Amino acid sequence: MPTLTELIVGKTPTTEQGISLVNVLKNNIEIKDRVVFSVFRGEDYTLLPKEKNVPSRMMKKGYYKFIYTHGVIHQLYDVKNDPNKLNNLIFCKEHQNIFKEMYFQTLAEWRFQEYSPIITTLKKNEIILDASSNFKEYALFY
């Protein structure tokens, strides 16, 4: 994955991972099938008025953008047809497979920081996380 190092020095360190972004920056060439993740911690959510530092993670794949915010309704948008993200597709039946895939990928590798380990139990196809004083229950489906 070239960084500014490749543009400035002319070569990529051998320890870098990923794909080059130089053609995108220099020649405006689109990278096909690129998946992007970002993490954000926010506060002042109306649904969680007393919570601070609430973790969120976003995944963008193709024209779809999925946003997971801990304790808040999931969000799924078609950013090509809805660039302002006004139409949440999370409950649309025709988008359930996209939602499930992106939900799993968004949470599968995410490591919360600044949180104590959560004790889990497995019940059929549901992972149950012990309740905390902030939330009554957690559940991850796989």
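Just so you know, these numbers use all the heavy atoms, side chains as well, and skip hydrogens, waters and symmetry mates. Owing to the predicted nature of the structure, the values given are computational and were not obtained by experimental measurement.
When the shell of 6.0 Å around CZ of Phe37 is examined, it contains more than 12 heavy atoms from other residues, nucleotides or ligands.
For the atom pair OG (Ser56) and CD (Gln75), the distance works out to 8.0 Å, reported to the nearest 0.5 Å. We find the CD1-CE distance between Ile67 and Met59 to be 13.0 Å, quoted to the nearest 0.5 Å. Rounding to the nearest 0.5 angstrom, the gap separating the CE atom in Met102 from the NZ atom in Lys60 is 8.5 Å.
Note: Phe66 and Tyr103 have perpendicular aromatic rings, judged against thresholds of 30 and 60 degrees for the angle between ring planes.
Screening residues 68-86 for salt bridge (charged side-chain N to carboxylate O under 4.0 Å, His left out) gives no qualifying pairs among residues at least two apart or on separate chains.
In this structure, Asn87 and Tyr77 have side chains that are not in contact, with every pair of non-hydrogen atoms separated by 4.5 Å or more.
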Atom pairs and distances, side-chain donor-acceptor, residues 89-101, under 3.5 Å, sequence neighbours left out:
from: Gln96; atom 1: NE2; to: Ile90; atom 2: O; distance (Å): 2.7
from: Gln96; atom 1: NE2; to: Cys92; atom 2: O; distance (Å): 3.2
from: Glu101; atom 1: OE2; to: Lys61; atom 2: NZ; distance (Å): 2.4

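Cluster membership for Val79 and Leu76, using ILVMFWY side-chain heavy atoms within less than 4.5 angstrom, is not shared.
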Run the numbers on Tyr68 and Leu107 for side chain to side chain contact (heavy atoms under 4.5 Å, CB included), then give the verdict.
-> CA-CA 8 Å; Tyr68 170 88; Leu107 296 181; 3.8 Å; yes
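With sequence neighbours left out, the side-chain contact (heavy atoms from CB on, under 4.5 Å) criterion links Asn84 to Leu86.
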